[in-house]
Amino acid sequence: MTNQTITPYILVGVDGSPAALRAVTWAGYEANKRGLPLVLATVADIGGSEYGPYVGVANARFTRMEASSRDALAAAEQRVAKHFPSVSTSAVEKSGAPAAELIELSRNAFMTVVGASGVGEFSSILLGTVALALVTDGHSPVAVIRGEEETGLVPRSGPVVLGVDGTRSSESAIAWAFDEASRRETTLTAVHAWTSYPSGFAQAAAITRGIDYNAEMQEHRELLAERLAGWQEKYPDVTVRRVMVPGAAADTLLDHAADAQLVVVGSRGHGDITGVMFGSVSRMLIHHAPCPVLIARNHTTG
């Protein structure tokens with residue numbers, strides 16, 4: 001393991017926790033399939049502990065964090081070597097604001113991968129504001145790895161679930177989802193959901209608003225077909241199941257994620273989340289999906 005990064009690479013945030021090691025395993029699988037190296041990164045959030053009257057305490061804490069970083073990186077490297085021996089790895093140790101450091105490291109990354117929870121002084125690297133900051137301001141797609149806490153397993157079976165909204169910003173998500181389904185040799189479930197109403201009330205809501213429900217359904221059916229046009233021809237090995245639900249996007253995607261190995265949704269780019277990834281939907285998926293979630297942008301297959 002060296003201290004030099006390689007471009008392009010898959011970036012993984014590690015802290016020695018089971019969640020981070022699951023992220024390393026998932027990222028190793030991606031790297032192995034795509035012939036890309038891994039960059040394993042720890043970011044110690046010292047949070048101003050270098051200041052104040054208790055310099056000795058702060059120095060001791062920093063020394064402890066450095067040792068934890070080395071241990072976390074060693075454990076991550078061992079995990080990659082065990083499961084993906086042909087994948088090249090490099091290590092980066094940073095201290096500072098986790099979001100800012102990972103965003104900068106993502107500049108040349110093919111993908112950034114973080115776990116769904118963390119431990120100790122590195123926990124903020126893995127979930128919450130940092131994950132959302134990577135989604136909005138990062139320079140690469142972001143995968144938040146969720147799995148079964150009891151077994152430590154990340155799903156390797158089931159379909160890839162794709163969230164398709166009504167904007168062209170979902171094009172990157174579509175590209176990623178087809179590519180992932182093809183590489184994993186599995187099916188793709190393309191989900192298009194709309195309105196904030198539960199699906200069982202959508203027809204009544206449309207009538208109340210004076211909208212022709214059947215015409216609305218046909219409009220969304222055509223929109224989904226338009227978004228998927230050409231992709232099935234490009235990936236003839238991928239079987240696509242189309243799902244249209246006049247209901248809430250977050251609830252619908254979570255329902256279909258129950259037996260999935262990956263959920264893919266899109267973002268428009270820096271600071272601008274649109275469609276199925278807007279607001280509460282992104283938070284619901286990142287915090288509650290039973291499988292990894294990939295927030296896509298600027299797809300180039302590796």
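The figures here come from the full heavy-atom set of this structure, side chains too, leaving out hydrogens, waters and symmetry mates. Since the structure is predicted, the reported quantities are computational estimates derived from the model, not experimental observations.
Gln261 places a side-chain N or O within 3.5 Å of a backbone atom of Gly158 that can act as its donor or acceptor partner. Within the 3.5 Å criterion, the main-chain N or O of Ile286 finds a donor-acceptor partner in the side chain of Arg146. Proximity of a side-chain donor or acceptor of Glu233 to a complementary backbone N or O of Gly230 within less than 3.5 Å is detected.
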Contacts under 3.5 angstrom, residues 99-107 side chains, donor-acceptor by atom type, not counting sequence neighbours:
from   : atom 1 : to     : atom 2 : distance (Å)
Glu104 : OE1    : Arg107 : NH2    : 3.2
Glu104 : OE2    : Arg107 : NE     : 3.3
Ser106 : OG     : Ile103 : O      : 2.6
Ser106 : OG     : His139 : N      : 3.0
Arg107 : NH2    : His139 : NE2    : 3.4

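To the nearest 0.5 Å, atom CZ of residue Arg242 and atom CG of residue Leu188 are 10.5 Å apart. Between the OG1 atom of Thr42 and the CG atom of Asp71 there is a distance of 10.5 Å, given to the nearest 0.5 Å. Here Leu162 contributes atom CG and His256 contributes atom NE2; the two are 12.0 Å apart, rounded to the nearest 0.5 Å. To the nearest 0.5 Å, atom CD of residue Glu77 and atom OG1 of residue Thr89 are 4.5 Å apart. Going from atom CD1 of Ile145 over to atom CG of Leu21 covers 13.0 Å, rounded to the nearest 0.5 Å.
Under the ring pair (Phe, Tyr, Trp, His ring centres under 6.0 Å) test applied with Trp176, the options Phe110, Trp231, Tyr235 reduce to a single match, Phe110. Under the salt bridge (charged side-chain N to carboxylate O under 4.0 Å, His left out) rule, Asp179 has a single partner from Lys234, Arg184, Arg34, which is Arg34.
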When you look at Phe178 and Val160, which way does the side-chain contact (heavy atoms from CB on, under 4.5 Å) test go after all the steps?
CA-CA 8 Å; Phe178 269 94; Val160 170; over 6 Å; no
Is there a side-chain contact (heavy atoms from CB on, under 4.5 Å) between Arg221 and His192 once you walk through the steps?
CA-CA 9 Å; Arg221 188 176 294 111; His192 176 57; over 6 Å; no
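Within the 4.5 Å cutoff, no side-chain heavy atoms of Tyr29 are placed close to those of Arg183. Here the side chains of Glu180 and Glu30 are in contact, with some heavy-atom distance below 4.5 Å. Proximity of Cys291 to Leu262: side-chain heavy atoms (C-beta onward) are nowhere separated by under 4.5 Å. Looking at Ser170 and Arg227, their side chains come closer than 4.5 Å, going by heavy atoms from C-beta outward. Residues Leu285 and Leu254 are in side-chain contact: their nearest non-hydrogen atoms beyond the backbone lie under 4.5 Å apart.
Looking at every heavy atom in both residues, Thr186 comes nearest to Pro159 through OG1-CA, 3.7 Å. A pairwise comparison of heavy atoms in Leu294 and Pro141 identifies CD1-CB, 4.1 Å as the closest pair. The nearest pair of heavy atoms linking Asp165 to Leu223 is O-CD2, 3.7 Å. Of all non-hydrogen atoms in Leu224 and Val243, the two that sit nearest each other are CD2-O, 4.2 Å. The heavy-atom pair separating Leu38 from Val80 by the smallest distance is CD1-CG2, 3.6 Å. The two residues Ala41 and Leu11 come nearest to each other via the heavy atoms CB-CD1, 3.8 Å.
For Asn32, the side-chain hydrogen bond (donor to acceptor under 3.5 Å, both in side chains) test picks out Ser86, with sequence neighbours left out. With sequence neighbours left out, the side-chain hydrogen bond (donor to acceptor under 3.5 Å, both in side chains) criterion links Ser182 to Asp237.
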